[in-house]
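Reading through the structure tokens given below for one structure.
Just so it is clear: chains get the letters A, B, ... in the order the sequence lines come, proteins before strands, and each one is counted from 1.
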Amino acid sequence: MQQRTPIEEQIDLPFVESLRISFQSLKIRFGRSIITTAGITLGIAFLVSVWTNNEIGVALQESGRQSTINTFEETTEQGISTKDIWLIVMSLIVCVVGIANSMLMAVTERFREIGTMKCLGALDGFVVRLFLLESGFQGFSGALIGALIGTLGAVLLGLKDYGLDLFFYFPLLPAQPENGPMQLGVIIVILLGCILGMILAVIGSSFPAWRAAKLPPAEAMRTEV
Amino acid sequence: MADIVVKTEDVVKEYRMGSNILRALDGINIEIERGEYISLMGPSGSGKSTLFNMIGALDRPTEGQVYIDGQNMSQLSQRQIAAFRCHRVGYIFQSYNLLHVRSAHGNVTLPMIFAGISERDRNERAEKLLDMVGLGDRMYHLPDELSGGQRQRVAIARALANDPSIILADEPTANLDTITGREIIDLIKRLNNEQGVTVISATHDLKMLDVSDRIVDIRDGLVERIRKRDEIDIEVGEVGGEGE
Ligand SMILES: Nc1ncnc2c1ncn2[C@@H]1O[C@H](COP(=O)(O)OP(=O)(O)OP(=O)(O)O)[C@@H](O)[C@H]1O
Ligand SMILES: [Mg+2]
């Protein structure tokens with residue numbers, strides 16, 4: 001058998017090319033991208049609103065103000081109720097599951113595309129990088145919008161409960177009251193919400209993308225959604 | 001000595017489904033010469049696509065070896081396999097498998113992006129290839145905006161992007177009407193004649209018979225027989241008469 005030129009090693013794509021391909025992909029499937037991003041927005045909005053609401057409640061209690069509406073909830077000595085902890089934990093779970101689910105769906109319907117790109121010479125690492133970039137961008141923008149919506153919701157609720165006093169005692173920055181628990185402040189909550197949303201989106205997307213990229217292309221292309 | 005471009009040695013492929021093992025390929029031995037036009041024929045489920053996947057390095061055989069250009073495919077690294085798919089083979093599928101987020105032009109440039117070709121060169125080549133397959137006026141349309149025949153033409157242009165030595169086509173005409181199918185076959189045959197690409201095509205399409213140099217009949221994961229062009233010329237008349 002005749003020996004031809006040996007098969008070379010596939011090169012890595014320049015980062016700019018990956019960036020261009022991922023943005024083009026987001027742009028063309030804009031409608032679908034929006035739905036996935038909305039999943040992230042919702043999760044983070046829910047989490048941030050519950051959390052900020054709690055921060056506001058604690059801050060106004062610290063200030064000695066009482067809610068104009070009587071609530072029957074039992075508050076602990078530190079001012080944070082078990083119900084609030086329960087709410088925050090629940091919203092965190094809803095947020096994690098919601099985002100993971102929406103990213104997983106978005107990747108699963110693209111298995112065929114992943115297989116096809118591998119037929120054309122894509123390295124596994126390129127496929128993962130593509131999904132990392134796309135989901136990082138979606139995660140960040142979705143979470144930021146979600147955090148802002150959540151904060152707005154909590155502020156409106158706070159206005160209803162405390163009236164304009166809310167703005168005098170608004171817990172914008174971290175604070176350490178003498179006899180209370182450490183307060184993160186709304187800015188930190190927003191920031192944490194954005195980071196969490198982005199991390200969840202990136203993991204939720206890159207992990208299934210990595211699994212799909214490792215499949216032989218024949219198998220990836222067989223999957224019908 | 002003949003220049004063998006593809007050689008399979010006792011290729012076996014088993015699919016495991018629960019406790020069942022399905023032997024889709026049961027020891028395939030074939031040799032294909034450079035520049036040949038080969039049709040793989042056989043009933044549905046006989047293993048044509050499975051063999052297609054083995055030759056194209058889209059899946060790994062359970063046993064046996066595949067040699068392309070004298071290279072044992074099982075000894076290649078990940079990066080070499082990616083480069084092999086990128087440079088040596090052009091794939092054409094029954095369902096086109098175009099990336100629907102990229103225009104016709106964008107689909108044709110993608111393999112060249114992976115190959116590291118400069119933007120200017122790849123745009124130029126994509127335009128040339130799309131012109132050649134008759135889509136000069138549809139370059140920037142998305143696949144969803146094209147007909148089946150036009151999509152398959154884009155797939156052919158894309159398959160040729162990095163000047164492969166082998167075109168692998170899995171039932172390229174199965175989703176097309178007779179006339180469009182005929183045009184696609186003629187196009188592939190033209191590439192085979194003019195550029196000397198080796199064509200390996202799985203097919204049910206009898207129109208493929210008269211352009212093939214050899215026909216490999218596959219049945220139950222085995223090569224049943226191999227017919228040469230001159231042996232089939234007579235049969236085509238008969239088959240063509242009753243077939244359509
Ligand atoms: N990924 C898979 N998992 C399990 N079984 C498979 C898989 N791929 C193929 N098979 C089985 O292997 C056998 C050969 O399938 P293959 O797709 O190669 O047939 P084919 O000749 O291409 O048929 P067709 O003409 O219908 O395309 C079939 O029995 C099929 O069910
Ligand atoms: Mg098949």
For residues [X] and [Y], report the shortest heavy-atom separation together with the two atoms involved.
X      : Y      : result
A:A122 : B:A82  : O-CB, 4.2 Å
B:F114 : A:M117 : CE1-O, 3.7 Å
A:C119 : B:F93  : SG-CZ, 3.9 Å

Contact part of [X] toward chain A, heavy-atom cut-off under 4.5 Å: side chain, backbone, both or neither?
X      : value
B:L110 : side chain
B:A159 : neither
B:D59  : both
B:I81  : neither
B:F84  : both
B:F52  : neither
B:H100 : both
B:R158 : side chain

key: Residues in residues 11-29 of chain A that sit under 4.5 Å from chain B, counting heavy atoms only   =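 Residues A:I11, A:D12, A:L13, A:E17, A:R20, A:I21, A:Q24, A:S25, A:I28, A:R29 are the ones that qualify, each having a heavy atom under 4.5 Å from chain B.
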
Atom CG of B:N72 with >12 non-hydrogen neighbours under 6.0 angstrom =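 Check passes, neighbour count above 12.
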
key: More than 12 heavy atoms of other groups within 6.0 Å of B:M139 CE   =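 Atom CE in B:M139 is crowded, with more than 12 foreign heavy atoms closer than 6.0 Å.
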
message = Under 4.0 Å between a side-chain nitrogen and a carboxylate oxygen: does that hold for B:R88 and A:E8?
response =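 Here B:R88 pairs with A:E8 in a salt bridge, since their nearest N and O are under 4.0 Å apart.
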
Would you be so kind as to tabulate the donor-acceptor pairs closer than 3.5 Å made by side chains of residues 43-53 of chain A, with sequence neighbours excluded?
| unit_1 | atom_1 | unit_2 | atom_2 | d |
| --- | --- | --- | --- | --- |
| A:S49 | OG | A:A45 | O | 3.2 |
| A:S49 | OG | A:F46 | O | 2.9 |
| A:T52 | OG1 | A:V48 | O | 2.8 |

Test item: A:R112 and B:N97 side chains (from C-beta on) under 4.5 Å apart, heavy atoms = yes

inquiry  = Checking the side chain of A:E9 only, and the main-chain atoms of B:R79 only, is there a donor and an acceptor separated by less than 3.5 Å?
reply    = no

